[in-house]
Amino acid sequence: MKTAPFLAVTLALLSGSTLAAGAKVPAPIEALQKQGFELKGEFKGPGALPGYVMQYQGQGTTVFLTPDGQHAIMGNLVDAAGKNLSDEQVEKWVYAPMAKEMWQKLEKKRWIAAGKADAPHIVYAFADPYCPYCTQFWQKAQPWLASGKVQLRVLMVGMLRPDSGQKAAAIMMAKDPAKTLAEYENSLGKMALKAPKTITPEIAEALKNNLALMDELGGNATPSIYYLNKDGRLQQHQGMPDEETMQVIMGDRP
């Protein structure tokens, strides 16, 4: 959601505070809540200006209360130099917690690991067995995996063809899923996968959950790639990354 800018000619920095437990929110904030905005945090702006951080459909914004307490101005607070003073608060109350929550959801799903378990950097990728770009990403990722710098966690999904789910299940139900996935991708997708006669309920549920999480994260193409940047912010890339983007995702080339 785009928010209109709110100009405050000041050099003061915003100072954050937590929401007072049980405190009644001002009427304008309550009205926004009824419209679907979630109240995430409260802070004091320049001149003790009451500020609130709210979230709507995954997007964060700041809201400032007028002195009469009956009106609110929604948007970004900037200083005389044009610095956006709202960003820090939105990051703190909306995007950082959201990144942590989504990362935890990724960790709990059924994925297949490639690379060392103690690698300092983790990258998640949703992949369909029929996706040629997933295979290209796998191939290009190998130097980072071999170096021990990155562990790639592949979440199999079935979305491109009617039998994608069966092929994904064949990999996930293999005696050694990691070995089978590596052999399949190294064959450039040409290795025959024996479709299981019956997909176990556990694997069927995992495939369903993987696809649901991909959708929740906004992924609509494979590979859908997720990683944390240096600030711990969840980042997304869809499709085959170019060389420059590979280094953004994976780190400096080994």
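Every heavy atom of this structure was used, including side-chain atoms; hydrogens, water molecules and symmetry mates were not.
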Legend entry - Spatial distance of atom NZ (K197) from atom NZ (K194) [nearest 0.5 Å]: 6.5 Å
Inset, instruction - Starting at CD of E185, measure out to CD of Q136 and round the result to the nearest 0.5 Å. - result: 10.5 Å
Inset, instruction - Please find out if less than 6.0 Å separates the ring center of W103 from that of Y226. - result: no
Inset, instruction - Quick one: closest heavy-atom pair of L145 and V150, and the distance? - result: CD2-O, 3.4 Å
Legend entry - 4.5 Å side-chain heavy-atom contact, I122 and R153: yes
Legend entry - From Q57 atom CD to F37 atom CZ, the distance as rounded to the nearest 0.5 Å: 8.5 Å
Inset, instruction - Any chance you could measure I29, atom CD1, to M54, atom CE, to the nearest 0.5 Å? - result: 5.5 Å
Legend entry - Salt-bridge contact E88-K92 (side-chain N to carboxylate O under 4.0 Å): no
Legend entry - Side-chain touch P26/Y52, heavy atoms, less than 4.5 angstrom: yes
Legend entry - Any donor-acceptor N/O pair, Q236 side chain to L217 backbone, under 3.5 Å: yes
Legend entry - Expected output: side-chain D231 to main-chain R233 donor-acceptor under 3.5 Å: no
Legend entry - More than 12 heavy atoms of other groups within 6.0 Å of D252 CG: no
Inset, instruction - State, with a plain yes or no, whether a side-chain heavy atom of M250 is found less than 4.5 Å away from one of Y227. - result: no
Inset, instruction - With the side chain counted from C-beta on, respond yes when F137 and I225 share a heavy-atom pair under 4.5 Å apart, and no when they do not. - result: yes
Inset, instruction - Would you give the length of the straight line joining atom OG of S224 to atom CG of N210, rounded to the nearest 0.5 angstrom? - result: 12.0 Å
Legend entry - Joint hydrophobic cluster, L155 plus M214, side-chain heavy atoms closer than 4.5 Å: yes
Inset, instruction - Flag the pair M159 / S164 as yes when at least one side-chain heavy-atom distance between them is below 4.5 Å, and no otherwise. - result: no
Inset, instruction - Answer yes or no: is there a side-chain heavy-atom contact under 4.5 Å between K24 and E30? - result: yes
Inset, instruction - Could you give me the CA-CA distance, side-chain angles and deciding distance for I112 and M156, then say whether side-chain contact (heavy atoms from CB on, under 4.5 Å) is met? - result: CA-CA 8 Å; I112 301 171; M156 301 302 300; 4.1 Å; yes
Legend entry - Main-chain N/O of Q166 paired to D163 side chain as donor or acceptor, under 3.5 Å: no
Legend entry - Y130 atom OH: more than 12 heavy-atom contacts under 6.0 Å: yes
Inset, instruction - Using atom types as modelled and distance alone, determine if a side-chain donor or acceptor of Q142 lies under 3.5 Å from a backbone N or O of W138. - result: yes
Inset, instruction - Please report the closest heavy-atom contact between L106 and Y124, naming both atoms and the distance. - result: O-CE2, 3.7 Å
Legend entry - Co-membership, hydrophobic cluster, residues I171 and F126, 4.5 Å side-chain: no
Inset, instruction - Look at E243 together with R253 and state whether they make a salt bridge at an N to O cut-off of under 4.0 Å. - result: yes
Legend entry - For G165 against I199, the heavy-atom pair lying closest together: O-CD1, 4.2 Å
Inset, instruction - For the residue pair E202 and R110, establish whether any side-chain heavy-atom pair is separated by less than 4.5 Å. - result: yes
Legend entry - N220 backbone acceptor or donor facing Q238 side chain under 3.5 Å: yes
Inset, instruction - Taking the side chain as every heavy atom from C-beta outward, state whether L188 and Q139 have any pair of such atoms under 4.5 Å apart. - result: yes
Inset, instruction - Could you tell me whether K105 and E107 make a salt bridge, using a distance below 4.0 angstrom between a side-chain N and a carboxylate O? - result: no
Legend entry - Chi angles and distances behind the side-chain contact (heavy atoms from CB on, under 4.5 Å) call for M240, K140: CA-CA 10 Å; M240 179 59 216; K140 287 198 172 185; 3.2 Å; yes
Legend entry - L193 vs T180, side-chain contact (heavy atoms from CB on, under 4.5 Å): CA-CA, chis, key distance, verdict: CA-CA 9 Å; L193 290 171; T180 301; 4.1 Å; yes
Inset, instruction - Decide whether Q89 and T62 meet the rule of one side-chain donor and one side-chain acceptor closer than 3.5 Å. - result: no
Legend entry - Which atom of C134 lies closest to which atom of T222, heavy atoms considered: SG-CB, 3.6 Å
Inset, instruction - Find out if a path of hydrophobic residues (ILVMFWY) with successive side-chain heavy-atom gaps under 4.5 Å connects L181 to W144. - result: yes
Legend entry - Sidechain-backbone polar pair: N186 side chain, A182 backbone, donor-acceptor under 3.5 Å: yes
Legend entry - H121 side chain vs I249 backbone, donor-acceptor pair below 3.5 Å: yes
Legend entry - T66 side-chain N/O to A72 backbone N/O, donor-acceptor pair under 3.5 Å: no
Legend entry - Test item: W93 side-chain N/O and E91 main-chain N/O as donor-acceptor pair under 3.5 Å: no
Inset, instruction - State plainly whether one hydrophobic cluster holds both V154 and V123, where clusters connect Ile, Leu, Val, Met, Phe, Trp and Tyr through side-chain heavy atoms under 4.5 angstrom apart. - result: yes
Inset, instruction - Can you see which heavy atom on G75 is nearest to which on S86, and at what distance? - result: O-OG, 3.8 Å
Legend entry - Q59 and V90: CA distance, side-chain angles, deciding distance, side-chain contact (heavy atoms from CB on, under 4.5 Å) verdict: CA-CA 9 Å; Q59 300 297 313; V90 173; over 6 Å; no
Legend entry - Within one Ile-Leu-Val-Met-Phe-Trp-Tyr cluster: Y95 and V248, side-chain cutoff 4.5 Å: no
Legend entry - Where Q151 and K116 come nearest, the two heavy atoms and their spacing: CB-O, 3.4 Å
Legend entry - From CG (L49) to CG (L77), nearest 0.5 Å: 7.0 Å
Inset, instruction - Ignoring hydrogens and angles, tell me if any N or O in the side chain of S147 forms a donor-acceptor pair with the backbone of K149 under 3.5 Å. - result: yes
